[in-house]
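Order of the sequence lines sets the chain letters (A, B, ...), proteins ahead of strands, with each chain counted from 1.
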Amino acid sequence: MNAPLIELEHVGVAFSAQRRVGSGKFWALEDVSMSLRQGERLGVIGRNGAGKSTLLRVLAGILRPDRGQIRRGRVSCQLLSLALGFTPYLSGRDNAILSGLMIGLRQRDIVARLPAIKEFSELGDFFEQPIASYSSGMVMRLGFSVAIQAEPDVLLIDEVLAVGDAEFQEKSGAALRERMRQGHTVVLVSHDETQVSALCDRLLWIEHGRSVREGPRDEVFAAYHEELVHPDGAT
Amino acid sequence: MPQHLLELILFSTYAELRAERSRSYLGLIWWVAEPAMMMAAFWLVFDVILKTSGPGYLPFLLVGLTVWQWMKSCITHGGYAIWTNLGLIRQARLPVLVFPFVQMLADTIKFLFIFALLLVILWGIGYPPNLSYLALPVVFSVTLLFAAGVGFLVAAIVPLIPDLRFVIEQVLTVVMFLSGVVFALDSVPSPLREVIALNPVATLLDATRGILMHAQWPDWPALLKVCIISAIVFAIGIGVVRQLAPRYPKLAV
């Protein structure tokens, strides 16, 4: 087995409860351990507020752990973010370039992909118009078309598998599944269990900021369902 | 600096200027019209109504306000940049210094436009170009270094204590009056005048006015002193931003 790309050991992340002098902390992540290897497609499951999104932001390098260890090889991790840095008064084209730069692409690479972005987003002549004149669906289409261009070593996805109307949802979902099948390393957070089981081969289950179990998909799912049925769990 | 970051900074600056242009009907005209209206207001009050100042007041005021507005926008726009971009900082892994830097670069480009116009006006009213113009790049570099240093320092703290914004505007107004932007410090009584003269902004304005209005080379030792102060402020500003950077993604937007 190859060496892990990222390894977390007893990682915790604390936030200030509110913007008040002397307010307390709360630990969004208490104690999470996991490892991610090249080519793995890891699904993160758990109830609302379990800390799934916080974990993704730690993996992305946005949040620094307040305790515990994170070991990261020389890999780029990118959170798939729609409409990152979009500015209302700029044209679709300029926003695509700006957003592309923010997700770590070089300017010449984005410019080369502009025709593909325009094509995929189905914006037509609106591509040259300020996005302030777009409908929210159009903004999301452009956002997705740019975001899918990111080429990190590890792609982190937080519940944004499909956007827009039914037709575009189909298309964007397909594009993303295609990306995942190309052998990229992916971490996926989703509430949609069918999606997770279709796309991931390993699962990490976290609850109240703690990692409960990590392992092959079916094994973790079985344990997770057991817990959902018998919340007090005879574990 | 990685080339990718440089591209991000340059394109963001372009985007910032471009967006600003599209936000209003008159667009670019406001770059010049806004400071011009402000100068007209001060000129009306201090020259026409109060008659506080003798000949040469108009160029004195024009130069003072042009440079001061540049410094002020670097401090406020740059100073609020991390705070206004917290939403982005929560989602993307970007060096936070990029945000104030972009604002300051955009403001500096605007300043250069306004300054070019100012030169034309000065030549028109009898202050021709002279050899001491050669010192302008030095004076402006120190000015930017000082403004950027203060701007980074403000940028570092405002996200943690957004309430500071209400104080900063007022402090800057006081500093403007105490730096000889709108009236000459000669009219201030003696002990106080020496204290005010320690203010780096006053030294920088003196140097700029000397060059543009009196063909005078800057007071190099004084400028060196300001340069050292600016470098220290700048280093502290960058240092504090870097120190606090891990906390920004955790702040509520």
Q | Partners meeting salt bridge (charged side-chain N to carboxylate O under 4.0 Å, His left out) with A:R67 (sequence neighbours left out) | A | A:E30
Q) Partners of B:R93 by salt bridge (charged side-chain N to carboxylate O under 4.0 Å, His left out), sequence neighbours excluded? A) none
Q. Which one of A:V13, A:L84, A:T54, A:T87 has the most heavy-atom pairs closer than 4.5 Å to chain B?
A. A:L84
Q. Are there residues of residues 125-142 of chain A that reach to under 4.5 Å of chain B by heavy atoms, and which ones?
A. none
Q. For chain B, which residues from residues 94-109 of chain A have at least one heavy atom closer than 4.5 Å to it?
A.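 The list, in residue order, reads A:D94, A:I97, A:L98, A:L101, A:M102, A:G104, A:L105, A:R106, A:Q107.
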Q | Residue B:Y133 excluded, over 12 heavy atoms near OH under 6.0 Å | A |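 Counting neighbours around OH of B:Y133, more than 12 heavy atoms of other residues, nucleotides or ligands fall under 6.0 Å, so yes.
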(Q) Looking at B:W30, I'd like to know if its CH2 atom is crowded, meaning that more than 12 non-hydrogen atoms belonging to other residues, nucleotides or ligands lie closer than 6.0 Å. (A) no
(Q) Restricting to non-hydrogen atoms, name the atom on A:A14 and the atom on B:K250 that form the minimum distance, rounded to 0.1 Å. (A) O-NZ, 3.0 Å
Q: Identify the two heavy atoms, one from A:L90 and one from B:R18, that lie closest to each other, and give their separation to 0.1 Å.
A: CD2-CG, 3.5 Å
(Q) Less than 4.5 Å to any heavy atom of chain B: does that hold for the side chain of A:A28, its backbone, both, or neither? (A)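 When you check distances to chain B, no heavy atom of A:A28 falls under 4.5 Å.
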Q: Give, as side chain, backbone, both or neither, the part of A:L79 having an atom under 4.5 angstrom from any heavy atom of chain B.
A: side chain
Q: Against chain A, work out which of B:S12, B:A245, B:A15 has the most heavy-atom pairs shorter than 4.5 Å and name it.
A: B:A15
Q: Enter the distance from B:F11:CZ to A:I110:CD1 here, rounded to the nearest 0.5 Å.
A: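 The CZ atom of B:F11 sits 8.0 Å away from the CD1 atom of A:I110.
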(Q) Rounded at 0.5 Å granularity, tell me how far CG in A:L63 sits from CZ in B:R90. (A)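 Here the rounded value is 8.5 Å.
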Q: Let me know if B:L94 has heavy atoms under 4.5 Å from chain A in its side chain, its backbone, both or neither.
A: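 The answer is the side chain of B:L94.
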Q: Output yes when B:R247 and A:D66 qualify as a salt bridge under the 4.0 Å nitrogen-oxygen rule, no when they do not.
A: no
